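The structure's right below; bear with me while I get my questions together.
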Amino acid sequence: MRSLSVNLDHIATLREVRKTFYPSITTAYSICELAGADGITVHLRGDRRHIQNQDVKILRTISLLPLTLEMAPTQEMLNIAKEIKPDKVTLVPERPIELTTEGGLDLTQNVDHLKKVIDTLKESKIRVCLFLEPDLKAIEKAKTLEVDAVEIHTGKYSLYFNEKKWDLFEEELIKIQESVVLGKSLGLVMNVGHGLHYQNIKPIANISDIHEFSIGHSIVSYAVFVGLEKAIREMLNLIKT
Ligand code: PXP
């Protein structure tokens with residue numbers, strides 16, 4: 001069964017740029033549920049640029065849908081995950097100056113530390129997923145770390161699509177396909193995410209062994225246009241009547 005986990009980070013981005021109380025993360029959650037989403041995802045970044053600790057706590061309390069917490073494998077985040085207990089943690093690399101997550105985890109370095117984080121999360125009954133490049137060696141390594149799932153980084157795939165670099169795009173698609181097939185054969189749940197949008201989703205959606213699609217920015221962006229006309233009409237109504 002394939003599933004869509006909606007990433008709510010950019011609902012919080014809109015709120016945080018004004019440090020106000022809207023748009024409400026709980027209302028966003030309710031709409032996800034109403035629309036039939038299979039899960040929700042939030043990335044609690046070290047710099048708290050969008051999602052805040054309180055958002056994760058509230059979502060944990062209200063969410064009937066599986067909650068995925070994306071986080072860097074730091075002690076601070078580990079403590080938060082152990083306290084809040086999301087259904088799944090996706091471990092991602094994090095660079096403070098990056099605009100968004102730039103790539104998968106490097107499984108050739110700091111693996112002992114990563115293994116400790118994975119084991120601690122599993123002891124807390126939290127499923128663990130690693131965010132990785134579509135690289136067969138990395139997928140094999142993930143299996144040895146005894147994680148439940150891998151999320152393949154589709155950022156490069158998306159970039160090549162957006163820049164119309166079709167040869168590189170095709171190469172990346174094949175790498176993603178092969179990674180998904182390998183991961184599935186090893187018994188890993190295979191997910192994908194990052195940069196997926198309405199124009200580039202189809203070739204990825206055609207890969208049958210993918211379980212979860214983690215998508216945020218494009219959905220929140222499209223929602224602006226789906227909702228802008230109604231929003232203007234309601235404001236006009238308040239001003240003019
Ligand atoms: N998966 C991971 C691991 C991410 O870091 C992100 C971005 O926070 C996403 C999926 C969602 O990416 P996008 O917002 O581009 O759909």
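Every heavy atom of this structure was used, including side-chain atoms; hydrogens, water molecules and symmetry mates were not. Please read these numbers as outputs of a predicted model, since none were measured by experiment. Counting starts at 1 for both ligands and their atoms, in listed order.
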For S218 and ligand 1, answer yes if some heavy atom of the residue is under 4.0 Å from a ligand atom, otherwise no. no
Between H194 and E151, do the side chains contain an N or O donor and an N or O acceptor separated by less than 3.5 Å? no
If you count the atoms of ligand 1 from 1 in the order shown, which ones are under 4.0 Å from a heavy atom of D9?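 In order of number, 8 (O).
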Based purely on interatomic distance, does G216 place a nitrogen or oxygen under 3.5 Å from a nitrogen or oxygen of ligand 1?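 For ligand 1, there is an N or O atom that lies under 3.5 Å from one belonging to G216.
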For atom 12 (O) of ligand 1, find the nearest protein heavy atom and state the residue, atom name and distance (0.1 Å precision).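 Here the nearest protein heavy atom works out to H194 CA, 3.4 Å.
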Tell me whether H10 has any N or O atom under 3.5 angstrom from an N or O of ligand 1.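 The answer is no, given that H10 and ligand 1 share no N or O pair closer than 3.5 Å.
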Do the side chains of E133 and K175 get close enough for a salt bridge, i.e. N-O under 4.0 angstrom?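 K175 and E133: not salt-bridged.
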Could you tell me if E16 and H50 have a donor-acceptor pair between their side chains, going purely by distance under 3.5 Å? no
Which of the atoms of ligand 1 are close to S214, meaning less than 4.0 Å from one of its heavy atoms? 1 (N), 10 (C), 11 (C)
Identify, for atom 1 (N) of ligand 1, the protein heavy atom at the shortest distance, and state residue, atom and that distance. E151 OE2, 2.5 Å
Is a donor from one side chain sitting under 3.5 angstrom from an acceptor on the other, for N110 and H113? no
Using residues 210-231 as the side-chain source, report each donor-acceptor pair under 3.5 Å to any protein atom, sequence neighbours left out, with the distance given to one decimal.
| unit_1 | atom_1 | unit_2 | atom_2 | d |
| --- | --- | --- | --- | --- |
| H211 | ND1 | M1 | O | 2.8 |
| E212 | OE1 | K88 | NZ | 3.3 |
| E212 | OE2 | K88 | NZ | 2.8 |
| S218 | OG | L196 | O | 2.8 |
| S221 | OG | H217 | O | 2.6 |
| E229 | OE2 | R233 | NE | 3.1 |
| E229 | OE2 | R233 | NH2 | 2.6 |
| K230 | NZ | E234 | OE2 | 2.7 |

Identify the closest protein heavy atom to atom 15 (O) of ligand 1: which residue and atom is it, and at what distance?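 Ranking protein heavy atoms by distance from atom 15 (O) of ligand 1, first comes G195 N, 2.8 Å.
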Is any N or O atom of T90, backbone or side chain, closer than 3.5 Å to an N or O atom of ligand 1? no
Which protein heavy atom lies closest to atom 14 (O) of ligand 1, and at what distance to 0.1 Å?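 Residue, atom and distance for the closest contact: H217 N, 2.9 Å.
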Are R60 and D87 within salt-bridge range, i.e. N to O under 4.0 Å? yes
Check each atom of ligand 1 against the heavy atoms of V92 and keep those under 4.0 Å away; list them by number with element.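 Ligand 1 atoms under the 4.0 Å threshold to V92: 3 (C).
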Exercise: do Q75 and N79 side chains pair donor with acceptor under 3.5 Å: yes
Charged N to carboxylate O under 4.0 angstrom, R48 versus D55?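 Looking at R48 and D55, the cut-off is not met.
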Measuring only between side-chain heavy atoms, which start at C-beta, is Y157 closer than 4.5 Å to P134?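 Y157 does not reach P134 side chain to side chain.
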Any nitrogen or oxygen of G193, side chain or backbone, less than 3.5 Å from one on ligand 1?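 Min N/O separation from ligand 1 is not below 3.5 Å for G193.
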Part of T41 within contact of ligand 1 (heavy atoms, under 4.0 Å): neither
Report the nearest protein non-hydrogen atom to atom 2 (C) of ligand 1: residue, atom name, distance rounded to 0.1 Å. E70 OE2, 3.1 Å
